[in-house]
Amino acid sequence: MANKYWLFKSEPSCFSMDDLKAMPKSTDHWDGVRNYQARNLLRDDIKKGDEVFFYHSNAKPMGIAGICTVVKSGYPDHTAQDPNSDHPDPKHTDDKPLWYMVDVKFKKKFKDIIALKDLKEISGLNNMVLTQRGSRLSVQPVTSDEWKIIIALTK
DNA sequence: GCCAACGTTGGC
DNA sequence: GCCAACGTTGGC
């Protein structure tokens, strides 16, 4: 099965690409997702070996900062059980996990952030989830064509 | 800081 | 099951 491509959003003031790089082994779990559509992707579709664009939202500049790699497929997001975490949810239990996360490892930071503004001007990316008006999904699929177009921008 | 778009909640 | 109200996301 070929690897797939994804895009994860984060507000860098909360967790940035540099923060991921600074973690032990440059690896961390992508916790705190509390949206069902994103949860389904984390639980069912995002697998070890997949590659992920790390997107900085609500930031200057706003755009794709680099690439990380999935090193562990979906498993229950135990931070939901920690009342002191940012996103506790009493409906999440050991028996019936509700929320999921994956582990990602820093791979590469782009020399320059690829700005959302620029992505929106590329015709091949017109149908990308990220460039859709009102798109809020924080974990989203990227097609291999979209991935190639964006990678080519960094060369 | 504003506000449009979206997802979720809860009354009925 | 509908939908208004509400809270959040995230670009601008």
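Here is the naming used below: chain letters follow the sequence lines, and residue numbers restart at 1 for every chain. Since the model is a prediction, treat every value here as computed from it, not as a measurement.
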For this session: May I ask you to say what A:K120 touches in the nucleic acid, namely base, sugar-phosphate or nothing, with a heavy-atom cut-off under 4.0 Å?
Result: sugar-phosphate
Exercise. How close or far is atom P of B:dG7 from atom CG of A:D89, stated in whole angstroms?
Worked result: 18 Å
For this session: Using a cut-off of 6.0 Å, state whether more than 12 heavy atoms not belonging to A:N127 lie near its atom CG.
Result: no
Exercise. Expressed in angstrom and rounded to an integer, what is the separation of A:Q37 atom CD from C:dT8 atom C1'?
Worked result: 16 Å
Exercise. Taking atom P of B:dC2 as reference, at what distance in whole Å does atom CG of A:N58 sit?
Worked result: 15 Å
Exercise. Rounding to a whole Å, what distance do you find between A:L119:CG and C:dC12:P?
Worked result: 11 Å
For this session: Nearest whole angstrom, please: distance from the C1' of B:dA5 to the NZ of A:K9.
Result: 11 Å
Exercise. Within this structure, what is the CD-to-P distance between A:E11 and C:dC12, rounded to whole angstrom?
Worked result: 15 Å
For this session: Check which hydrophobic residues are tied to A:L98 through side-chain heavy-atom contacts below 4.5 Å, counting indirect links as well, and list them.
Result: A:Y36, A:W99
Seminar exercise, completed: Ranking A:Y36 and A:R133 by the position along DNA chain B of their nearest nucleotide, the one closer to 5' is A:R133
Exercise. Relative to the ring of A:F8, is the ring of A:W30 parallel (under 30°), tilted (30 to 60°) or perpendicular (over 60°)?
Worked result: tilted
Seminar exercise, completed: Whole-Å distance, A:R39 CZ to B:dG7 P, equals 15 Å
Problem set entry | Given B:dG7, C:dG10, C:dG11, the nucleotide with the shortest approach to the side chain of A:L116 | C:dG11
Exercise. When you check the side-chain N and O atoms of A:D77 and A:T79, is any donor under 3.5 Å from an acceptor?
Worked result: yes
Problem set entry | Whole-Å distance separating the CZ atom of A:R136 from the C1' atom of B:dA4 | 10 Å
